[in-house]
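First comes the structure, then the notes that go with it.
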Amino acid sequence: MTAKPRPLVAGNWKMNGLKAALGEIEAMARGCDAALRARVDLLICPPATLAGAAVGAAGGLIAIGGQDCHPKAAGAHTGDVSADMLKDLGAAYVIVGHSERRADHGETSALVRAKAQAGLRAGLVAIICVGETEGERKAGRTLEIVGAQLRDSLPEGASATQVVIAYEPVWAIGTGLTPTAADVAQVHAFIRAQLGQAMGAQGAGVRILYGGSVKPSNAVELMGVANVDGALVGGASLTATDFLGVAAAYR
Ligand code: PGA
């Protein structure tokens, strides 16, 4: 049997954070002692404008990632950021296929897969987001939607340490609502089984994060669910107090 994956608590700052917010990353680095770091990997994905400075602020104690990347390494794509550029700044991860990008920018799973592949080519770990809308859940289509997104977004030939899956029900993001532990367990077990089919033995080692209204007060329960290997945290990742409060679920 493959060992349980090492947990990851990842913060997604979205379009938040001016230079002054780097102080929060410094406070996170000060606050994550060796005992915590022995148990869990910590990651902050600030806006691309702060990524380079964030690497310095994190002091090597917290990994830094991007929130998106272009599928190409370079070229005539005004306003876009490539995975190679993120890697060059010292980033280690890139989020791809977040539901806000799927919705705001019409990103398809085929594009998400191309972005994940670009991340892998650049030497980044790709965090691939999947999740159903409220309407899809009410219609009983959660596993169908998550299964299709996963099948079509996962790059072929990836190893367990190159990809992370984030299950984020769209209706739970930024709303304060969360699925029940039983619902999370069902979707994560389904994702684990799909990863096994797609990746063979590697599938057991892929980290599957839960995301959507994770905060210090619900982290222990959510992180305790089977096949939950960490969290993707939005609002509660913006301050060191809340982010470390979520990570403390692994103490
Ligand atoms: P939230 O966002 O924690 O603010 O709900 C999660 C996410 O979108 O990654």
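It should be emphasised that the depicted structure is a prediction, and the values quoted were computed from it without experimental measurement. Just follow the structure's listing: the first ligand is 1, and inside any ligand the first atom is 1. The figures here come from the full heavy-atom set of this structure, side chains too, leaving out hydrogens, waters and symmetry mates.
Checking V40, L244, D33, V220 one by one against R251, the side-chain contact (heavy atoms from CB on, under 4.5 Å) holds for a single residue, D33.
Within the 4.0 Å heavy-atom criterion, the part of N12 lying near ligand 1 is the side chain and not the backbone. Residue H98 touches ligand 1 through its side chain alone, judged by heavy-atom distances below 4.0 Å.
With ligand atoms numbered from 1 in the order given, ligand 1 contributes 9 (O) to contacts under 4.0 Å with heavy atoms of L232.
Clustering ILVMFWY residues whenever any of their side-chain heavy atoms sit less than 4.5 angstrom apart, transitively, puts L124 in the very cluster that holds V9. Cluster membership check: L232 does not share its hydrophobic cluster with F243, using side-chain heavy-atom separations under 4.5 Å among Ile, Leu, Val, Met, Phe, Trp and Tyr.
Side-chain atoms of W13 and L50, non-hydrogen and from C-beta on, do get closer than 4.5 Å to each other.
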(Q) Does R192 form a salt bridge (Lys or Arg N to Asp or Glu O under 4.0 Å) with D229? I'd like the steps, not just the answer. (A) CA-CA 11 Å; R192 180 71 68 207; D229 308 306; 2.7 Å; yes
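Below 30°, between 30° and 60°, or above 60°: for Y167 and H188 the angle between ring planes is above 60°, a perpendicular geometry.
Look at G212 and you'll find a heavy atom under 4.0 Å from some atom of ligand 1. Proximity of A236 to ligand 1 is not established, as no heavy-atom distance is less than 4.0 Å.
Of the N or O atoms in V233, none lie within a sub-3.5 Å distance of an N or O in ligand 1.
In terms of heavy atoms, L154 sits closest to A198 at CD2-CB, 3.8 Å.
Among protein heavy atoms, the minimum distance from atom 9 (O) of ligand 1 is reached at E168 OE2, 2.7 Å. For atom 3 (O) of ligand 1, the closest non-hydrogen atom of the protein is G234 N, 2.8 Å. For atom 4 (O) of ligand 1, the nearest protein heavy atom (residue, atom name, distance) is G235 N, 2.8 Å.
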